Amino acid sequence: MPTVTVLPDEVAVAAGDGEGILAALYRAGFGYRTGCRRGGCGVCKVDLVSGEVDYPATVAGTVLTAQERATGTCLSCRAVPRGDVVIRLRDERLRCLIPFLRPAPFPRPDPSQRPERKS
Amino acid sequence: MGVIRLGYVHARVTDLEAARRHYGDTLGMRLVHQKPDTLYYKAWDEWDHHSVVLEEGGVGLVKLGYKVERGEDLDRFEQRAQAFGAITERMSKGDNLGVGDGVRIVLPSDHVVELYQEIEVVGTDTGTVNPDPFPRHLVGVGVPRIDHALITAEDPGTVERFFAEVLDFGVSERVVTELDGGETLGSWMFCTNTPHDIAFIKGPNGKLHHFAYYLTDWAEIKRAGELFAMDDVSVDIGPTQHGITRGQTIYFFDPSGNRNEVFSGGYITYPDFPAITWTADQLAKGIFYISRELNERFTSVLT
């Protein structure tokens, strides 16, 4: 199964066979800014740092130009990893939408830092 | 006399088979004609040949067709559009399947609008003699008709002036930067008795924000939402309530990313309707009355 690694957060998730990058991240409880999620708007573009992707669904050339494809722009809602890939989000960080799915415990606030309760 | 309704929406899609599942199976429009690269759909309560044309290749809007009442309206609107400074050309019978002669106008926002008076009439699915309230063969949402389109324009004020001065549309609602002389950020306009038959918001020229289908009521909107879940339709937002137009809504995307809407409710307009004004600081409430927040997609996702 291909691994999708997201920079700058260095979060890695496994993608199923034929599963898209965005779908794999959603399934693991992560998200970021997206638009139509059907390849029409280009809002979810990321940089493909390493690896290769396929586009099984037709993507409009006006949304993802040939030059963008050649220079490492990846339309993450439609891109399916061909093997391990590393992507970098543009001007934003990965958000954890479903903490219950995280393997590591969700960080809890340090009790010693809490303000004292007034009785 | 004048423009009587939005007659057809001609859009681009990346995949005809996916479009067929969405517009045919999920929305329940009837395929009336197909060519290797184009699908023609009609909704059950419409009587003209088609109302949605889907052409393979790309995304976004090709053109909007508005039907006029009389042949002489075409000459009048052509002259007025030219006087306004818009580019026009005559279109001939057969340029559009089933559609007669007409006038093609490039709006100040670069969108293409076609005016026509003749189109092949095929009738509604329930007919006009002792009709049932709905046809029982409907599948999916079973949309009865298209309703309106929202397009983006660098200068919504000029497009509003075009539709008012050239095509005799009225303004139902307007969003302005400030009362008394502020810039127009959005405008909702009517030629029928609905709250809007066309609307513009500030954005890049030539882009489609959405086109909408009418549904009877809030319960139908919810049912449509349930069907969108069953069919894995990408939903933008809703069901919720608009402040502007007072309609109920779900925004969703077709398989190519073009935004659609199911819309119900709204008030009645007349030529003397007093235009409603929203100030920009209340825009979020105007668009999504309940949450009072604009989601990022509303302004950023265009095709």
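Keep in mind that what you see is a predicted model, and the values were worked out from it rather than measured.
Considering every non-hydrogen atom in both A:Cys36 and B:Gly257, the closest pair reads SG-CA, 3.6 Å. Pairing each heavy atom of A:Cys41 with each of B:Val301, the nearest pair is CB-CG1, 3.5 Å.
Within the 4.5 angstrom heavy-atom criterion, no atom of B:Val13 approaches chain A. Contact of A:Val59 with chain B is made through the backbone alone, with heavy-atom distances under 4.5 Å.
Not counting sequence neighbours, the partners of A:Val11 by the side chain to side chain contact (heavy atoms under 4.5 Å, CB included) test are A:Asp9, A:Val13, A:Phe30, A:Leu94.
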Between these two chains, chain A and chain B, I want each donor-acceptor atom pair under 3.5 angstrom written on its own line with its distance.
from: A:Arg33; atom 1: NE; to: B:Glu296; atom 2: OE1; distance (Å): 3.3
from: A:Arg33; atom 1: NE; to: B:Glu296; atom 2: OE2; distance (Å): 3.1
from: A:Arg33; atom 1: NH2; to: B:Ser300; atom 2: OG; distance (Å): 3.2
from: A:Cys36; atom 1: O; to: B:Ser234; atom 2: OG; distance (Å): 2.7
from: A:Arg37; atom 1: NE; to: B:Ser234; atom 2: OG; distance (Å): 3.3
from: A:Arg37; atom 1: NH2; to: B:Ser234; atom 2: OG; distance (Å): 3.0
from: A:Arg37; atom 1: NH2; to: B:Val235; atom 2: O; distance (Å): 2.7
from: A:Arg38; atom 1: NH2; to: B:Asp232; atom 2: O; distance (Å): 2.8
from: A:Arg78; atom 1: NH2; to: B:Pro255; atom 2: O; distance (Å): 2.8

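Atom CD1 of B:Ile87 sits in a sparse spot, with 12 or fewer heavy atoms from other residues, nucleotides or ligands closer than 6.0 Å.
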